[in-house]
> 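Here it is, the structure, as structure tokens.
So you know, we letter chains A, B, ... as the sequences are listed, proteins then strands, and number each from 1.
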Protein chains: 2
Amino acid sequence: MAGKSVKKRPGCDMRGMLSFQILWLLSNRPMYGQELAREIERRRGEKPNPGTIYPAIKELSEGGLIMGRTEGRSTVYRLTGKGSSTLKASLAYFERAYADIFYSIPSVQRRMKEGRA
Amino acid sequence: MAGKSVKKRPGCDMRGMLSFQILWLLSNRPMYGQELAREIERRRGEKPNPGTIYPAIKELSEGGLIMGRTEGRSTVYRLTGKGSSTLKASLAYFERAYADIFYSIPSVQRRMKEGRA
DNA sequence: AAGAATCTATCGGACGGCCAATATATTTAT
DNA sequence: ATAAATATATTGGCCGTCCGATAGATTCTT
């Protein structure tokens, strides 16, 4: 049966960052869906399911933030101009909202003090 | 009527961070609901509605991550031991998942290079 | 050619976040 | 005492995320 118990991160599940993360990844280089899923897995620890990643891609595509180009069996996506400016605004929001949380992390502070950018 | 059009951040709405942010705020000092709402407003730019903040508080409270103590007209919340360890784990996840995004922000890089912790 | 692997894609359901509206209680100001 | 301000709290509904299952198409391997 579909839609069983969703695994719950204790106390905070941090939903809502998927589209943001996809935009950011595509700002580095064009990728196709499975590549995006793998890059997200590297960061989150878990690979998003097809039912998660593809609807997100579709949404971004329909919103004109990314553009897909079919190449063989895969579809390579890249940021549009609109997607790029949206990402810029989102990054500004991200920083304003969560920078102090980041700077409170010990390993981040260490890296700061050493001036490693 | 209730539940009209939810304001949409274009392309990424970053839901799911509320409980995390509440835990982090309470790790700095105990606060009551409206104080939490104001601190979140300072960071996000918009104040979470009662229908957003109170259910989140309730959930964290029922999960044993925070503890409330009624004082006059307000209820002051503080982290529990469980909440503290949960926050620690969440911070680790947060860093792993989004650190590279954070470090890609120009103003953050500037601050890093100057070694300002 | 046949099978395995890879990629794209959709469906149904669950869940947290989020809002506007509404209600009540307590404290403060006039 | 009355009004205003402050704080807590719930209701009803929408949205994006997320999962597991399922399916079809293309490419690679044997």
Side-chain angles (χ1 to χ4, degrees), chain A residues 1-23 31-41 44-63 65-66 68-77 90 93 97-98, chain B residues 1-23 30-41 44-63 65-66 68-77 86 90 97:
Chain A
M1 77 231 34
K4 255 198 321 218
S5 67
V6 175
K7 221 168 302 173
K8 220 168 78 167
R9 198 176 314 286
C12 53
D13 84 341
M14 298 189 194
R15 286 166 188 238
M17 306 286 287
L18 183 60
S19 300
F20 175 54
Q21 197 163 27
I22 292 175
L23 282 188
M31 292 187 209
Y32 54 93
Q34 284 306 306
E35 248 178 322
L36 283 168
R38 278 192 296 267
E39 288 297 323
I40 291 171
E41 182 185 18
R44 300 192 179 185
E46 279 179 18
K47 189 172 182 172
N49 281 24
T52 298
I53 194 82
Y54 287 113
I57 289 175
K58 189 181 180 186
E59 182 80 14
L60 289 171
S61 191
E62 285 172 358
L65 302 181
I66 66 178
R69 215 183 100 86
T70 301
E71 292 182 8
R73 94 184 116 181
S74 65
T75 306
V76 177
Y77 292 93
S90 297
Y93 173 80
Y98 305 114
Chain B
M1 72 225 59
K4 257 197 323 217
S5 68
V6 174
K7 222 169 300 171
K8 222 169 77 166
R9 197 174 313 286
C12 53
D13 83 342
M14 298 188 194
R15 287 167 188 236
M17 306 286 288
L18 182 59
S19 300
F20 176 54
Q21 197 163 26
I22 291 174
L23 282 189
M31 292 187 210
Y32 54 92
Q34 284 305 306
E35 250 178 321
L36 283 168
R38 278 192 296 266
E39 288 297 324
I40 291 171
E41 183 185 17
R44 299 191 181 185
E46 279 178 19
K47 189 173 182 171
N49 281 24
T52 299
I53 193 80
Y54 288 112
I57 289 175
K58 189 181 181 185
E59 182 80 15
L60 289 171
S61 192
E62 286 172 358
L65 302 181
I66 66 177
R69 213 183 103 85
T70 302
E71 291 181 9
R73 94 183 116 181
S74 65
T75 306
V76 177
Y77 292 93
T86 296
S90 296

> If I take atom CG in residue A:L18 and atom P in nucleotide D:dC15, what distance separates them, rounded to the nearest angstrom?
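That distance rounds to 18 Å.
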
> Between P on D:dC18 and CD1 on A:I53, what's the gap in Å once rounded to a whole number?
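Answer to the nearest Å: 9 Å.
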
> Using side-chain heavy atoms (C-beta onward) and a distance below 4.5 Å, is A:R44 in contact with A:L18?
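Sidechains of A:L18 and A:R44: in contact.
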
> Rounded to the nearest 0.5 Å, what separates atom OG in A:S90 from atom CE in A:M17?
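Interatomic distance, A:S90 OG to A:M17 CE, rounded to 0.5 Å: 9.5 Å.
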
> Just how large is the angle between the end axes of the helix from C:dA1-D:dT30 to C:dT30-D:dA1, five pairs per end, to 10 degrees?
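Overall, the helix from C:dA1-D:dT30 to C:dT30-D:dA1 bends by 20° from one end axis to the other.
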
> Rounded to the Å, how far apart are A:Q21 CD and D:dT17 P?
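Result: 11 Å.
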
> Sequence neighbours excluded, which residues qualify as side chain to side chain donor-acceptor pair (under 3.5 Å) partners of A:R73?
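Scan of A:R73 (side chain to side chain donor-acceptor pair (under 3.5 Å), adjacent residues dropped) gives none.
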
> What's the CG-C1' distance between B:L65 and C:dG16, to the nearest Å?
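Atom-to-atom, B:L65 to C:dG16, this comes out as 14 Å.
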
> Can you tell me if B:N49 touches the phosphate of C:dC18, counting only side-chain N or O atoms and a distance under 4.0 Å to OP1 or OP2?
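So the side chain of B:N49 is outside the cut-off, no N or O lying under 4.0 Å from OP1 or OP2 of C:dC18.
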
> C:dC15 P sits how many Å from B:L60 CG, rounded?
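Distance check: B:L60 CG to C:dC15 P gives 17 Å.
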
> Provide, to the nearest angstrom, the distance between the CG atom belonging to A:L23 and the C1' atom belonging to D:dT17.
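Checked: the CG to C1' distance equals 15 Å.
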
> With a 3.5 Å cut-off and sequence neighbours excluded, list the donor-acceptor pairs that the side chains of residues 51-58 of chain A form with protein atoms.
{"residue": "A:Y54", "atom": "OH", "partner": "A:Q34", "partner atom": "NE2", "Å": "3.1"}

> Figure out the CD/C1' separation between B:E59 and C:dC18, and round it to whole Å.
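Interatomic distance, CD of B:E59 to C1' of C:dC18: 15 Å.
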
> List for me each residue that meets side chain to side chain donor-acceptor pair (under 3.5 Å) alongside B:E41, sequence neighbours excluded, and say none if there are none.
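Here no residue qualifies.
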
> Using only side-chain N and O atoms of A:R44, determine if any of them is under 4.0 Å from OP1 or OP2 of D:dT17.
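It does not, given that no N or O in the side chain of A:R44 lies less than 4.0 Å from OP1 or OP2 of D:dT17.
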
> Holding to side chain to side chain donor-acceptor pair (under 3.5 Å), I want the full list of residues that pass it with B:R38, two or more places apart in sequence or in another chain.
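Checked B:R38 against side chain to side chain donor-acceptor pair (under 3.5 Å); matches are B:Y32.
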
> Grab the two heavy atoms, one from B:P48 and one from B:I40, that are nearest each other, plus how far apart they are.
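Heavy-atom minimum between the residues: CD-CG2, 3.8 Å.
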
> Just N and O in the side chain of A:T52: are any of them under 4.0 Å from OP1 or OP2 of D:dT17?
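So the side chain of A:T52 is outside the cut-off, no N or O lying under 4.0 Å from OP1 or OP2 of D:dT17.
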
> Are B:Q21 and B:E39 close enough that some pair of their side-chain heavy atoms sits under 4.5 Å apart?
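No, too far: nothing below the 4.5 Å cut-off.
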
> Is there a side chain to side chain contact (heavy atoms under 4.5 Å, CB included) between B:L65 and B:I22 once you walk through the steps?
CA-CA 10 Å; B:L65 302 181; B:I22 291 174; over 6 Å; no

> Output the rounded distance in Å from CZ (B:R69) to P (D:dA7).
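Computing the B:R69:CZ to D:dA7:P distance gives 18 Å.
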
> Can you give one letter per nucleotide of nucleotides 3-9 of chain C, going 5' to 3': B for a protein heavy atom under 4.0 Å from the base, S for sugar-phosphate only, - for none?
--BBSBB

